Participant: 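Got a structure for you, written out below as structure tokens; questions coming shortly.
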There are 2 protein chains.
Amino acid sequence: MVKSTKVMNEHLQQRYRALGLKLTPQRLAILSYLEGNTRHPSADEVYRAVLGVFPTMSFATVYNILEALREKGFIAELSVDPVKKRFDADPAPHHHLVCLSCGKIEDVHQEIALPALRKHAGGFTVLRSQIAFYGHCPSCRAA
Amino acid sequence: MVKSTKVMNEHLQQRYRALGLKLTPQRLAILSYLEGNTRHPSADEVYRAVLGVFPTMSFATVYNILEALREKGFIAELSVDPVKKRFDADPAPHHHLVCLSCGKIEDVHQEIALPALRKHAGGFTVLRSQIAFYGHCPSCRAA
DNA sequence: GTACGTGCAAAGGTTTTGCATTACA
DNA sequence: TGTAATGCAAAACCTTTGCACGTAC
């Protein structure tokens, strides 16, 4: 499922190198797979998808790369699935719709203003917030 | 850390039995540990806490009981920690503050009105929603 | 007494680690 | 060439499962 012909645009490559990350073929393959991907894949899904291009790719490398990408802000890590990590190819702040039946996750790019927290904040410094909307997707509702 | 002297109140016991759940000592111990607990413990934390009262308690039983309690609405399962499930002794809808440094989770009981989702809803039927506020707790900010 | 719950051990799934080898820059 | 990344295997975690035994009702 990896579009091996797709070439990451020059700007992304520059941004990538500027952060001190080596541009290996494995990383290019994962970046290509993730670019514009709205499936919120797990590490295992990324692994299987990229195996078609790199039959020698290992889990360790996938985790290494995903962690490097996350640390540098290229992707985000989601805590929506209680069992495994899922990764969001879009690191910009947004919210999510989660299907309680099939686990499908959809992005919500609508801006939602949240009020300041009252006493409840317990002294926390809030940096960002994320809303998870739980429900049923159309196909699951039909079934 | 389990207050073995604490007795679950009569009303809770009735509600429990009314749902067809047998009131075993193990379940009483876990219910006692969870009652009023705002730590959002993982299964492992529950296990270790209850071991003091039941040295023979096994993981399987902890998971069985937590799943039974969740299914019956006594507790809620949180998807805040990407690696493991955490349980919320308070099943009523509320939001959470999550410390990005130490992982501490605090409840936010403030009511927050959310607008209806526009086109983004993708046909989802939204049942409930939950906001996670990420930041740093006072003790982590000090360090 | 019976259906349901418990406890043990083993298996399944996800993530991390150590280390030798490889390859980008 | 030097540093960082990769690949493999094994280990570490978290969670689930199967089944014999025990117990609340």
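Computed from a predicted structure; not experimentally measured. FYI, side chains are in, hydrogens and waters are out, and symmetry mates aren't considered; it's all heavy atoms of this structure. Naming: A, B, ... by sequence-line order, numbering from 1 per chain.
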Participant: Quick one: A/Glu71 CD to D/dA4 P, roughly how many Å, whole number?
Facilitator: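 Distance, rounded to whole Å: 13 Å.
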Participant: Compute whether any side-chain donor of one residue and acceptor of the other, for A/Arg141 and B/Thr125, lie under 3.5 angstrom apart.
Facilitator: yes
Participant: What is the distance from CG of A/Asp44 to P of C/dG13, rounded to the nearest Å?
Facilitator: 10 Å
Participant: Would you kindly give the OH-to-P distance between A/Tyr16 and D/dA5, to the nearest whole Å?
Facilitator: 8 Å
Participant: Scan B/Asn64 against the nucleic acid and name what it touches under 4.0 Å (heavy atoms): base, sugar-phosphate only, or nothing.
Facilitator: base
Participant: Rounding to an integer number of Å, can you tell me how far A/Glu67 CD sits from D/dA5 P?
Facilitator: 12 Å
Participant: Do we see a donor-acceptor contact under 3.5 Å between the side chains of A/Ser101 and A/His136?
Facilitator: yes
Participant: With respect to the side chain of A/Lys85, which nucleotide from C/dG7, D/dT6, C/dT16 is positioned closest?
Facilitator: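 Among the listed nucleotides, the one closest to the side chain of A/Lys85 is C/dT16.
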Participant: With a 4.0 Å cutoff (strictly under), does any side-chain N or O of B/Ser58 reach OP1 or OP2 of C/dT6?
Facilitator: no
Participant: Looking only at side-chain atoms of A/Ala60, point me to the closest of C/dG18, D/dT6, C/dT6.
Facilitator: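 Minimum distance to the A/Ala60 side chain belongs to C/dG18.
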Participant: Could you check whether the side chain of A/Lys22 and the base of D/dT3 have a donor-acceptor pair of N or O atoms closer than 3.5 Å, going by distance alone?
Facilitator: yes
Participant: Picking from D/dT6, C/dT14, C/dG7, which would you name as closest to the side chain of B/Thr56?
Facilitator: C/dG7
Participant: For B/Leu28 and C/dT6, what is the distance between atoms CG and P respectively, to the nearest whole Å?
Facilitator: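 The answer, rounded to whole Å, is 10 Å.
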Participant: Which comes earlier along DNA chain D counting from the 5' end, the contact point of B/Arg17 or that of B/Tyr63, where each point is its nearest nucleotide?
Facilitator: B/Tyr63
Participant: Would you mind classifying the nucleic acid contact of A/Pro25 as base, sugar-phosphate or nothing, using non-hydrogen atoms under 4.0 angstrom?
Facilitator: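 Sugar-phosphate: the residue A/Pro25, judged by heavy atoms under 4.0 Å, touches backbone atoms but no base.
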Participant: Want to settle it: does A/Thr24 or B/Val83 sit nearer the 5' end of DNA chain D, counting the closest nucleotide to each?
Facilitator: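 Going by which nucleotide is closer to the 5' end, it is A/Thr24.
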Participant: Below 6.0 angstrom between ring centroids: does that apply to A/His95 and A/His109?
Facilitator: no
Participant: Grab the CD1-C1' distance between A/Ile30 and D/dT6 for me, whole Å please.
Facilitator: 11 Å
Participant: I'd like to know whether the aromatic ring centres of B/Tyr47 and B/Tyr63 sit less than 6.0 Å apart in this structure.
Facilitator: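 Centroid separation for B/Tyr47 and B/Tyr63: 6.0 Å or greater.
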Participant: Which of the following nucleotides, D/dT16, C/dA25, D/dA5, is nearest to the side chain of A/Leu23?
Facilitator: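 Minimum distance to the A/Leu23 side chain belongs to C/dA25.
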Participant: Could you check which of D/dA24, C/dT6, D/dG7 has an atom nearest any side-chain atom of B/Ile65?
Facilitator: C/dT6
Participant: If you pin B/Leu21 and B/Pro82 to their nearest nucleotides in DNA chain C, which one's is more 5'?
Facilitator: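 So the residue in question is B/Leu21.
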Participant: A/Tyr47 OH to D/dT6 C1': how many Å, rounded?
Facilitator: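 Result: 13 Å.
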Participant: Would B/Asp88 and B/His96 count as having a side-chain donor-acceptor pair, cut-off 3.5 Å?
Facilitator: yes
Participant: Is A/Glu67 salt-bridged to A/Arg70, going by a charged N under 4.0 Å from an acidic O?
Facilitator: yes
Participant: OP1 or OP2 of D/dA24 sitting under 4.0 Å from any side-chain N/O of B/Gln26?
Facilitator: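 No, outside the criterion.
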Participant: How close or far is atom P of D/dT15 from atom CZ of B/Arg86, stated in whole angstroms?
Facilitator: 11 Å
